[in-house]
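Notes for the one structure printed next.
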2 protein chains.
Amino acid sequence: MTRSSGIDVAVSTAILTLRRTDRGVVLSLPLVRRTREPFADRWALPGGWLTATEAPVGAAARTLAETTGLAPSYLEQLYAFGAVDRSPSRVVSIVYWALLRSDQVDAQSAEYRRTGLAPENVRWFDADDLPPLAFDHAQIIEYALWRLRNKVGYSRVAQGFLPEEFTLAELREAVETILGRRLDPANFRRQVESSGTLIATDEFRTGNHRPARLYRSSPDAELADRGPLSSEEMSIR
Amino acid sequence: MTRSSGIDVAVSTAILTLRRTDRGVVLSLPLVRRTREPFADRWALPGGWLTATEAPVGAAARTLAETTGLAPSYLEQLYAFGAVDRSPSRVVSIVYWALLRSDQVDAQSAEYRRTGLAPENVRWFDADDLPPLAFDHAQIIEYALWRLRNKVGYSRVAQGFLPEEFTLAELREAVETILGRRLDPANFRRQVESSGTLIATDEFRTGNHRPARLYRSSPDAELADRGPLSSEEMSIR
DNA sequence: TCAAAAGTGTTCAGTATACACCCATGT
DNA sequence: ACATGGGTGTATACTGAACACTTTTGA
């Protein structure tokens with residue numbers, strides 16, 4: 001029986017989060033330094049070979065956890081890349097994209113600094129300042145960012161970056177960072193309030209100015225509508 | 001080196017077109033009767049194993065041509081399905097979805113009838129009246145239809161079903177069939193005219209009533225915006 | 001002349017946008 | 001008190017939906 005022998009299947013994930021830097025909040029993602037050929041010493045998306053007993057989405061979740069020590073707030077398949085010449089050997093990569101909550105990333109980083117147990121060969125990069133990448137991973141990241149910017153317009157994926165409770169200004173800052181442009185605070189407030197995806201709490205974030213009400217994501221709804229695929233993605237087996 | 005050995009890669013395509021039947025225009029797709037286990041004698045999406053020298057999109061275009069004798073007016077990757085238990089052996093299917101022009105399908109069918117050279121084991125089914133399918137192909141088709149219905153709202157994929165020249169009523173009928181609901185002719189006209197994706201010709205379709213102006217798709221624009229992926233999909237090598 | 005589809009005009013509601021303005025807090 | 005961000009009000013423009021109306025053909 002003729003099979004697709006000689007083709008290997010890999011799973012990689014573009015793991016996105018927002019990080020507060022000296023240049024404000026920026027989109028960032030963790031990359032892994034390759035230790036082997038091809039592209040030894042180059043940075044690449046976290047991932048690995050798909051094993052015989054693991055679903056692709058499970059492999060994505062696993063490598064994500066291995067790389068970051070965290071669980072994603074959102075995980076969706078991006079695309080299957082399979083051009084013949086994208087790797088010296090024949091590799092089809094099923095690529096996922098994921099969102100991490102900023103606070104969890106920060107907490108994890110602090111923990112790593114405290115314990116000195118940070119993973120080797122993993123580093124966070126700003127999405128707009130990437131090093132030379134292995135394979136076609138630069139184009140893959142470009143597509144992942146396009147998908148994120150697209151989806152932020154008609155879904156609530158931006159909430160995947162934020163902690164349990166957040167102010168509308170924080171949510172707006174997340175969206176502004178993703179889109180790369182400023183939004184009118186008044187209109188943003190009304191739009192997101194009327195969307196019904198937020199639950200107002202009785203708490204307020206007290207800071208330098210008038211306290212801002214804290215909101216939380218409504219728990220019943222998905223961050224994005226994935227149609228009939230919801231069940232598939234859900235079952236990480 | 002540990003590879004994903006034991007995993008085979010297949011490429012399948014949900015090939016969609018509109019066909020005029022006794023119950024009006026309906027979404028239809030060609031299925032292939034399987035001749036081997038597993039699921040022998042069941043109907044399945046056209047496809048085959050990914051070969052070592054072929055890009056996935058090329059394999060999709062090839063099997064599409066082998067099944068229908070036609071070239072698609074639109075071809076896009078749908079999803080990579082890889083659940084462990086979706087097949088007795090471990091198979092990852094990269095699934096595409098494609099649109100065929102109705103007139104080309106009709107012409108091809110007439111040709112087959114004339115010459116008696118219709119492909120064996122291929123049959124067209126109405127999308128809302130499918131037989132029991134092999135593997136997870138029923139869910140795959142459901143997802144392809146969801147994607148089509150979704151995309152028809154913010155792109156001009158519906159034009160992929162129509163011939164070079166068509167009336168606004170024909171375009172509207174296509175959209176109505178996809179969405180499963182009637183649209184206001186007046187509003188539809190204005191929306192599609194203001195979108196700038198159509199070019200009015202000087203010809204008219206003469207029929208039972210007032211002649212309707214013929215339009216053609218503007219050639220410069222894609223049927224749908226696929227962002228940075230346009231180049232990938234284009235290169236069918 | 002009449003039925004029916006092609007095509008135009010108009011109204012109305014909902015939504016995006018711009019921006020003026022008031023509110024509540026820390027300094 | 002005042003600067004600053006939180007939060008409300010409002011005017012305007014645009015868009016989608018509903019529907020009345022005119023035009024043009026074949027029968």
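None of these values were measured; they are calculated from a predicted model.
Counting to the nearest Å, the P atom of C:dA20 and the CG atom of A:Asp184 are 11 Å from each other. Taking atom CZ on A:Arg189 and atom P on D:dG6, their separation rounds to 8 Å, with Å as the unit. Going from atom CZ of B:Arg181 over to atom C1' of D:dA18 covers 14 Å, rounded to whole Å. Note: CG (A:Asn187) to P (C:dG14) measures 18 Å, nearest angstrom. The distance from atom CZ of A:Phe166 to atom P of D:dG6 is 14 Å, rounded to the nearest whole Å. Atom CZ in B:Arg182 sits about 16 Å away from atom C1' in D:dA17, given to the nearest Å. Rounded to whole Å, the distance from CZ on B:Phe204 to C1' on D:dG26 is 17 Å. Summarising the geometry, the separation between CD on A:Glu203 and P on D:dG6 is reported as 17 Å, rounded to the nearest angstrom.
Positionally, the nearest nucleotide of DNA chain D for A:His209 lies more toward the 5' end than for the other of A:Leu168 and A:His209. With DNA chain C read from its 5' end, the first of the two nearest nucleotides for A:Thr206 and A:Ala186 is the one closest to A:Ala186. Between A:Arg210 and B:Tyr215, the residue whose closest nucleotide on DNA chain C is further toward the 5' end is B:Tyr215.
Out of D:dG7, C:dT17, C:dA6, the shortest distance to the side chain of A:Gln191 is found at C:dT17. Of the candidates C:dG7, D:dG7, D:dA27, the closest approach to any side-chain atom of A:Ala212 belongs to D:dG7.
One side chain, A:Ser93 or A:Arg86, offers a donor N or O that lies under 3.5 Å from an acceptor on the other. Judged purely by distance below 3.5 Å, without hydrogens or angles, the side chains of B:Asn150 and B:Arg147 never pair a donor atom with an acceptor atom.
B:Trp146 and B:Tyr143 have parallel rings, their planes meeting at less than 30° on a 0 to 90° scale where 60° marks the start of perpendicular.
Within 4.0 Å of A:Ala169, counting heavy atoms only, lie sugar-phosphate atoms of the nucleic acid but no base atom. Counting any heavy atom pair closer than 4.0 Å across all strands shown, A:Arg172 reaches sugar-phosphate atoms only and no base atom. At the heavy-atom level, A:Arg190 lies under 4.0 Å from base atoms of the strands shown.
In this model, no side-chain donor or acceptor of B:Asn208 finds a partner on the base of D:dA27 within 3.5 Å.
Counting heavy-atom neighbours within 6.0 Å of B:Asp220 CG, excluding the residue itself, gives a total above 12.
With sequence neighbours excluded, the residues forming a salt bridge (charged side-chain N to carboxylate O under 4.0 Å, His left out) with B:Asp128 are B:Arg23, listed by chain and number.
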